[in-house]
Amino acid sequence: MGKGIFESLFGRQAVPNFHGRVPADQVLHEGHEEPAFEPEDSYLTLRLSSMYLRDARVLWRELIPFSVVVTDVVFDGAQRSLPFVVGNDLVSKVIDAPLGSGSIEPLNVTVAGPLPYLGSNVGVFVGLFSATANDMSRGLFDTVGDLAALSGQAQLSAFLKVAEVVRDGVYRIFDMKEVEFRFGRRDELDPRSTSRNRLQGGYLAFVNKPAKEMDESALWVDNSVLKLGHERRSLKPCEDDHCLLAIEHSAERGHFADLPFTATWKAMQALIWEGQVEKAELFLLPELGKSIVQSPELTQRDKTAALALYKLKMEAEIERYGEMMGNGKKTNVTRGARDLGEGLGMKPMLQKAAFVSDRSLGNPDTSRLLRDLADQGAALLQLDCQPEGPTDPEAGLDAQIVAVRRLQPAVPGGSQQLYDALVADLMDTYSR
């Protein structure tokens, strides 16, 4: 969003509105924590927990409440501005409430993330608006909301392709004469700060009320709803226009199945079961590895874990194919000047890769990871099919990557070093 838009919005409102951080011990969620963000080892997700428009209807006019959240963050080597519109499609319960009631409904809408945190400040603008409901406004909100929703999906890189269209749609909303700006605030979240704008897990409350009339110590969150009071037993929902934003920290990303490199893996599987093992390994393994190493969606630790896991999956798939060709017994599968016989199954091939890594690269962390995969690979591959574990294939993939991540040393390893080791192993296999 351009500076002119912010200046235009803030120019309508002379009295500074309240915004504050909800005290950690006043968030009534079991197990609530507010961890700090570590560069290259944390993911950031922003959710609009709830928003409230006090007057959802005025006389005969039905008002559409909506929020605009814009996140400014470093992603894929550049500063990005990510707009998200929470429109009437997500607040139908609010506008269908009894006449004169705004109603307060938990939304928990993801407005940005999960984003790999790289160490810089994060800018967040939160604005609450209302608009007279008509066919034109509803259609515009639906269209912009559908596009903006991409920023809350697993592939942020996909959203960047339509970000300009979304921004244009947001500008069009601001230009509509039916739109009323209720309040808005932009914060620069800094991991080094010691005040309310520090970047860490927790909740930020934005309330359409003069700052001097609100007390940060009276803020509470109960079931994603902002409440006020000085004692837990006497809490009441905040009845002024407001938005409640959750800042969520995670060391684990999840949703790996949505990332582009999984399509390359499926193509590798297809070639293996067509008997084209050499083609799968020589052409698609480097392509898969490169897409993982260069993925802007992942932290360094997760890049290394994903690359290691797919090497393990490939060796397991080739071993299964060999067993099928031999009617349940291991049989030869051509791989360059070698074959997959009794001595070159999944475990021995991973041990060979570790040996090649030691000999050619001398990186102990990479070699140790490959040896751990050889020893624990069979158990890791069972994480998606154990009765007590996840049965959803996507959840199984996420669990496997988490398990591989735990094999790494405390300091995140380099995915590029592992990629170089796998390429060196390919050359060793096919150059004899």
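Smallest separation of non-hydrogen atoms from M51 and S67: SD-OG, 2.8 Å. Between S120 and P191 the shortest heavy-atom distance is O-CD, 4.5 Å. Nearest approach of D241 to R54, heavy atoms of both residues: OD1-N, 2.8 Å. The two residues F206 and H19 have their closest heavy-atom pair at CD2-CB, 3.8 Å. Scanning all heavy atoms of the two residues, the minimum distance from D398 to H255 falls at OD2-N, 3.0 Å. Of all the heavy atoms in Y117 and L199, the pair that sits closest is CE1-CD2, 3.5 Å.
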Side chain to side chain contact (heavy atoms under 4.5 Å, CB included) evaluation trace for K227 with L28: CA-CA 11 Å; K227 294 187 176 181; L28 305 181; over 6 Å; no
Candidate pair L380 and L373, rule side chain to side chain contact (heavy atoms under 4.5 Å, CB included), full reasoning: CA-CA 8 Å; L380 289 172; L373 279 181; 3.9 Å; yes
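The salt bridge (Lys or Arg N to Asp or Glu O under 4.0 Å) with D302 is formed by just one residue from the set R406, R253, R405; it is R405.
Heavy atoms of other residues, nucleotides or ligands lying less than 6.0 angstrom from CD of E188 number more than 12.
Distance alone, capped at 3.5 Å, is enough to place a donor-acceptor pair between the W220 side chain and the G229 backbone. The closest donor-acceptor contact from the side chain of E40 to the backbone of Q300 lies under 3.5 Å. N223 places no side-chain N or O within 3.5 Å of a backbone atom of V225 that could act as its donor or acceptor partner. In this structure, the side chain of Y43 engages the main chain of T299 through a donor-acceptor pair within 3.5 Å. Using a distance-only test at 3.5 Å, with no hydrogens or angles considered, no donor-acceptor pair links the side chain of K236 to the main chain of L228. Between the side chain of R21 and the main chain of R196, a donor-acceptor pair closer than 3.5 Å is present. For the pair D190 (side chain) and R192 (backbone), a donor-acceptor distance under 3.5 Å is present. One N or O on the side chain of E319 and one on the backbone of M346 form a donor-acceptor pair closer than 3.5 Å. Using a distance-only test at 3.5 Å, with no hydrogens or angles considered, a donor-acceptor pair links the side chain of Q408 to the main chain of R301. With hydrogens and angles disregarded, no donor-acceptor distance shorter than 3.5 Å links the side chain of E34 to the backbone of Q200.
A distance of 9.0 Å separates CG in L44 from CD in E248, rounded to the nearest 0.5 Å. Annotation: the span from T110 atom OG1 to F84 atom CZ amounts to 7.5 Å, rounded to 0.5 Å. Between K352 atom NZ and T429 atom OG1 the span is 3.0 Å, to the nearest 0.5 Å. For the atom pair CG (L370) and CG (D365), the distance works out to 11.0 Å, reported to the nearest 0.5 Å.
Checked for salt-bridge contact, R320 and E317 meet the test: a charged N lies under 4.0 Å from a carboxylate O.
Residues Y203 and H29 place their aromatic rings such that the two centres sit under 6.0 Å apart.
Judged by distance alone, the side chains of S49 and S224 never bring a donor and an acceptor atom under 3.5 Å apart.
Ring geometry, Y310 versus W265: the interplanar angle falls from 30° to 60°, so the pair is classed tilted.
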